[in-house]
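Below you'll find the structure, written out as structure tokens, and then a few comments.
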Amino acid sequence: MLNPISTAFKKAKKENRPALLTYTVAGDSSKKQSLNILKSISKSVDILEIGIPHNTPVADGSQIQTSAYRAIKNGIKINDIFKIVKDFKKSNHNKPIILMGYFNMIYQYGENKFLNKCKASGVNGLIVVDLPWPENRDFANKCKNKSIYFIQLLSPTTTKKRLKKIIQDSHPMNYFISMLSTTGGKLKVSPKEILKNYSIIKKISPNKDVVIGFGITEKTIKSLKSADGLVVGSAICKEITRSIKNRQNPVTNVSNLVRKLKKKNNMNWLTKIKKFGDK
């Protein structure tokens with residue numbers, strides 16, 4: 001059976017658009033609200049990334065750090081995250097879920113136990129920020145044995161020689177970090193430069209899906225639409241923070257934001273449908 005992540009990419013390509021991926025922190029701002037946000041945005045996105053809150057998230061900027069802090073303060077635990085995923089999957093069985101976190105938490109929990117829980121709850125993929133290739137080979141193979149994609153991270157400074165080796169070992173999906181920065185930063189390089197680096201990766205791995213993350217917002221999404229997929233995270237975490245500060249409903253506001261992202265992401269496809277209908 002094909003992993004739902006690959007199915008989502010196939011559907012997006014058929015519609016001539018990039019897959020839209022969203023990132024939220026599990027348990028932000030509460031366990032119940034976290035689940036409700038996932039349910040509310042699931043119709044607008046192709047793949048859901050869920051962050052495992054960490055007290056020292058070295059790859060994340062202030063927006064995601066704030067979300068993680070709220071979740072940890074509210075007592076979120078790894079088992080709670082698996083419950084959130086399992087509860088979500090009861091009514092959204094085919095919607096792909098990717099967990100994103102740091103290896104020390106997985107190691108403390110126990111690799112095999114963690115993967116068994118992933119499988120039982122319905123996790124389809126894993127991004128482990130601080131476990132680079134080739135150190136991740138053994139764990140990636142364990143993921144493969146559970147039919148869970150281990151998603152390799154690629155950066156603008158990864159040499160072509162190293163890219164080839166990583167991609168050769170990689171599962172069907174990879175993640176390209178658009179710039180040298182933490183999450184949430186403004187694009188420090190032009191979309192043209194990002195796509196130039198992205199094209200190098202795609203030439204090496206034409207049959208694997210590669211998403212672009214870091215710096216993707218409602219303003220930048222349109223300029224990077226030639227990618228297989230685009231990840232929006234910090235903008236969503238920022239909206240949750242803003243909603244809480246203004247005593248508004250984060251579920252409603254995040255849903256509205258994601259619908260806007262979907263509209264911009266689908267623009268070319270919707271235009272083609274309209275033109276076809278006008279004939």
Side-chain angles (χ1 to χ4, degrees), residues 1-24 42 45-52 59 85 89 92 94-103 106 114-115 118-119 121-156 158 162-178 183 194-195 197-214 216 221 224-233 265:
M1 184 178 175
L2 193 64
N3 187 304
I5 293 172
S6 289
T7 302
F9 281 114
K10 282 191 172 186
K11 181 178 183 292
K13 284 174 184 173
K14 191 175 180 181
E15 296 173 356
N16 194 35
R17 61 176 178 82
L20 178 61
L21 294 82
T22 53
Y23 173 94
T24 55
S42 62
V45 303
D46 298 289
I47 299 170
L48 294 161
E49 259 185 52
I50 302 174
I52 302 173
V85 174
K89 285 280 189 167
N92 296 271
N94 294 320
K95 184 65 65 175
I97 293 278
I98 296 172
L99 285 189
M100 185 172 185
Y102 294 81
F103 186 64
I106 297 171
F114 182 85
L115 289 175
C118 283
K119 189 67 179 177
S121 61
V123 173
N124 306 108
L126 287 172
I127 298 173
V128 186
V129 179
D130 55 347
L131 189 63
W133 184 91
E135 284 78 12
N136 59 37
R137 274 177 164 173
D138 288 344
F139 186 69
N141 282 332
K142 287 183 179 182
C143 291
K144 190 174 183 179
N145 290 336
K146 296 287 183 183
S147 300
I148 296 168
Y149 286 175
F150 182 90
I151 297 153
Q152 299 283 358
L153 297 175
L154 311 168
S155 84
T158 308
R162 180 172 168 82
L163 274 175
K164 288 179 179 178
K165 289 179 178 179
I166 295 172
I167 290 166
Q168 186 178 9
D169 265 2
S170 72
H171 294 184
M173 175 187 166
N174 292 305
Y175 188 120
F176 174 57
I177 299 168
S178 68
T183 59
I194 292 170
L195 291 175
N197 290 326
Y198 180 84
S199 67
I200 293 170
I201 296 169
K202 286 301 293 182
K203 284 178 183 177
I204 297 170
S205 59
N207 299 320
K208 294 184 179 182
D209 296 303
V210 184
V211 301
I212 300 176
F214 287 43
I216 312 299
I221 196 169
L224 297 167
K225 289 179 69 173
S226 59
D228 295 327
L230 297 170
V231 186
V232 182
N265 188 59

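Side-chain atoms are counted along with the backbone in the values below, which use heavy atoms only and exclude waters and symmetry mates. Position 1 is the first residue of the sequence; numbering continues from there. Just so it is clear, the model here is predicted, and its values are computed rather than measured.
Partners of T158 according to the side chain to side chain contact (heavy atoms under 4.5 Å, CB included) rule, which considers only residues two or more places apart in sequence or in another chain, are S155, R162, L163, I166. Y198 meets the ring pair (Phe, Tyr, Trp, His ring centres under 6.0 Å) test with no other residue; sequence neighbours excluded. Partners of S205 according to the side chain to side chain donor-acceptor pair (under 3.5 Å) rule, which considers only residues two or more places apart in sequence or in another chain, do not exist here.
A 4.5 Å side-chain heavy-atom check between E49 and Y175 finds at least one atom pair inside the cut-off. Put simply, the side chain of I47 does not reach to within 4.5 Å of the side chain of L20, judged on heavy atoms. Side-chain contact between L224 and I194 is present, with at least one heavy-atom pair separated by less than 4.5 Å. Counting heavy atoms from C-beta outward, Y23 and V232 have side chains that stay 4.5 Å or more apart. Side-chain contact between T7 and N94: absent, with no pair of heavy atoms (C-beta onward) separated by less than 4.5 Å. Using a 4.5 Å heavy-atom threshold, the side chains of N265 and R17 count as touching. Using a 4.5 Å heavy-atom cutoff, the side chains of F139 and L126 are in contact. Side-chain contact between C143 and Y149 is absent, with no heavy atoms from C-beta onward closer than 4.5 Å.
With rounding to the nearest 0.5 angstrom, the CG atom of L195 is 5.5 Å from the CD1 atom of I212. From D169, atom CG reaches atom CZ of R137 across 4.5 Å, with rounding to the nearest 0.5 Å. Between the CD1 atom of I151 and the CE atom of M173 there is a distance of 4.0 Å, given to the nearest 0.5 Å. Atoms CZ and CG, from F176 and L230 in turn, are 12.0 Å apart once rounded to the nearest 0.5 Å. Taken from CD1 in I221 to CD1 in I216, the straight-line distance is 7.5 Å, to the nearest 0.5 Å.
Looking at every heavy atom in both residues, C118 comes nearest to I148 through CB-CD1, 3.7 Å. Listed here is the closest heavy atom pair of P18 and A227: CB-O, 3.2 Å. Smallest separation of non-hydrogen atoms from S147 and K119: CB-NZ, 3.7 Å.
Side chains of K208 and S170: a donor on one and an acceptor on the other come within 3.5 Å.
Judged by distance alone, with hydrogens and angles left aside, the side-chain atoms of K95 form a donor-acceptor pair with the main-chain N or O of S42 at under 3.5 Å. Side chain of N136 to backbone of L131: a donor-acceptor contact under 3.5 angstrom is found. Counting only distance, with no hydrogens or angles, the side chain of D130 and the backbone of F103 share a donor-acceptor pair below 3.5 Å. Looking only at distances, a side-chain donor or acceptor of H171 sits under 3.5 Å from a matching main-chain atom of F150. Although no hydrogens or angles enter the test, the distance criterion places no donor-acceptor pair under 3.5 Å between the side chain of K11 and the main chain of A19. Of the possible polar contacts, one joining the N3 side chain to the N124 backbone as a donor-acceptor pair under 3.5 Å is found. A side-chain donor-acceptor contact under 3.5 Å links S178 to the backbone of F214.
Considering D209, D228, N207 as possible partners of K202, the one that fulfils the side chain to side chain donor-acceptor pair (under 3.5 Å) test is D228. Partner L48 forms a side chain to side chain contact (heavy atoms under 4.5 Å, CB included) with one of I98, T22, L99 and no other, that one being T22.
Shown here is K13, whose NZ atom has more than 12 heavy atoms of other residues, nucleotides or ligands within 6.0 Å.
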